[in-house]
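For reference, positions follow the sequence shown, starting with 1. When a ligand or atom number is given, it counts from 1 through the structure's own listing order.
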Amino acid sequence: MTHRLAPNIELLFTEHGDYHDRVRAAAAAGFTSVEMWGPTGKDAPAKPKDLAALKDALQETGVRLEAQLAEPRTQFMIPPKDHSHFYRGIEEGARIAADLGCPRIVVQGGTGFGGRKRQEQHDELAGIYTRALELVEGSGVVLVLEAVNTRVDHPGTLLDRTADALDVARTVGSPQFGVLLDVYHSRVESEDLVQVLAQAGPLVRYVQVADAPGRGEPGTGSIDWAATFRALTAAGYDGPVGLEYFPTVPSEESTRHLRAVLADLGALAR
Ligand SMILES: O=C(O)C(=O)CO
């Protein structure tokens with residue numbers, strides 16, 4: 001089983017000013033995939049993008065955009081209980097994704113609907129995503145739900161464990177809806193990756209990596225990357241892997257450790 005690594009162009013290749021130049025730099029460094037945050041940059045920390053120039057760079061290099069973030073990314077708060085802003089954003093995001101050839105939009109759970117049982121909050125989220133799927137039907141886009149850690153990066157977030165995202169995804173129960181397993185967030189929440197993957201099965205439709213602690217490139221923290229990729233392989237995951245970390249060295253150099261680990265495992269796709 002092999003994996004394409006997809007540098008996140010918000011965080012890597014930022015030595016090049018524009019997003020389209022970052023795509024070209026990623027291609028020149030041997031990558032065939034990239035990922036990004038919000039396409040229009042309405043929602044910080046993503047920045048506005050020249051989407052036509054980005055599309056040209058993707059087409060010219062043959063690099064595939066693997067994932068983009070929903071805008072707004074964290075929206076489910078009470079009050080108000082009006083999610084129309086999210087629905088409009090997801091429709092616009094799906095149009096852009098289809099145009100750029102991007103197969104996945106990452107959604108998150110926000111801070112939930114305080115004061116209610118956790119399961120009820122999960123079910124409410126599942127209803128919102130089910131509606132979102134109706135709105136993007138026919139676009140070919142898959143929505144992937146990402147749990148993000150509440151201990152360090154996203155205090156107050158509702159879905160802080162991959163297991164929570166899996167619960168919501170099972171309730172949605174659509175082939176157009178899956179889970180993004182972010183190995184960094186999962187580690188910060190002390191999840192057992194092997195156990196998570198055993199429960200997840202084919203619901204994992206995308207993976208992102210950063211080391212922990214620190215959220216730097218693989219090799220800067222305490223995660224055992226060979227064991228991580230052996231676990232992903234054992235679970236049958238053969239999709240792309242987003243490099244969503246804050247590099248501590250120049251971009252290309254920051255990818256060397258993980259590329260070497262995958263090459264050793266025979267798991268590095270070109
Ligand atoms: O918001 C975050 O921290 C993310 O991991 C986005 O993918």
Side-chain angles (χ1 to χ4, degrees), residues 5-14 19 22 33-47 49 65-77 86 89-90 93 96-97 100 102-112 125 129 132 141-166 168-169 177-191 193 196 200 203-218 220-221 223 228 237 239-247 254 258:
L5 298 179
N8 184 304
I9 56 171
E10 315 280 349
L11 301 173
L12 275 81
F13 298 106
T14 53
Y19 289 100
R22 297 178 194 177
S33 294
V34 293
E35 61 163 37
M36 68 181 187
W37 292 339
T40 70
K42 279 179 209 144
D43 199 14
K47 299 210 176 62
K49 296 170 179 73
L65 179 63
E66 299 287 357
Q68 65 186 50
L69 284 193
E71 295 171 306
R73 60 210 285 247
T74 55
Q75 67 290 345
F76 304 117
M77 291 197 246
F86 171 68
I90 208 88
I96 295 171
L100 296 177
C102 176
R104 300 175 190 79
I105 296 182
V106 178
V107 293
Q108 296 174 340
T111 50
L125 281 175
Y129 299 132
V141 164
V142 171
L143 303 184
V144 287
L145 178 59
E146 177 180 28
V148 291
N149 79 77
T150 189
R151 293 184 183 173
V152 176
D153 300 280
H154 300 279
T157 199
L158 175 66
L159 304 179
D160 57 354
R161 293 172 311 135
T162 316
D164 294 330
L166 287 167
V168 174
F177 197 86
V179 161
L180 156 53
L181 167 59
D182 186 312
V183 174
Y184 164 76
H185 288 303
S186 179
R187 166 58 74 95
V188 173
E189 289 297 334
S190 308
E191 283 188 306
L193 190 77
V196 167
L203 279 174
V204 175
R205 306 288 291 273
Y206 195 50
V207 169
Q208 287 177 325
V209 295
D211 221 325
R215 212 172 186 179
E217 64 271 19
T220 55
I223 295 179
T228 298
Y237 183 74
V241 174
L243 304 182
E244 194 195 40
Y245 56 72
F246 294 86
S254 76
L258 189 58

Quiz item: Is a side-chain donor-acceptor pair under 3.5 Å present for His185 with Arg215?
Solution: yes
Exercise. Verify the distance criterion only: is there a donor paired with an acceptor across the side chains of Trp37 and Glu71 at less than 3.5 Å?
Key: no
Quiz item: Going by the order shown, which atoms of ligand 1 are within less than 4.0 Å of some heavy atom of Glu146?
Solution: 4 (C), 5 (O), 6 (C), 7 (O)
Quiz prompt | Nearest-neighbour protein heavy atom for atom 1 (O) of ligand 1, which is reported as residue plus atom name and distance | solution = Arg73 NH2, 2.3 Å
Quiz item: If you measure from CZ on Arg161 to OG on Ser186, what distance do you get to the nearest 0.5 Å?
Solution: 10.0 Å
Quiz item: Are side-chain N/O atoms of Tyr19 and Glu10 paired as donor and acceptor at under 3.5 Å?
Solution: yes
Practice problem: Assess whether side-chain contact (heavy atoms from CB on, under 4.5 Å) is satisfied between Tyr206 and Val142, documenting all intermediate values. | Solution: CA-CA 10 Å; Tyr206 195 50; Val142 171; over 6 Å; no
Practice problem: Considering only non-hydrogen protein atoms, determine which one is nearest to atom 3 (O) of ligand 1 and report residue, atom name and distance to 0.1 Å. | Solution: His154 NE2, 2.7 Å
Practice problem: Return yes or no for this condition: an N or O of Glu244 is under 3.5 Å from an N or O of ligand 1. | Solution: yes
Quiz item: By number and element, which atoms of ligand 1 are closer than 4.0 Å to a non-hydrogen atom of Asp182?
Solution: 5 (O)
Practice problem: Within a distance under 4.0 Å of any heavy atom of Arg215, pick out the atoms of ligand 1 and give their elements. | Solution: 2 (C), 3 (O), 4 (C), 5 (O)
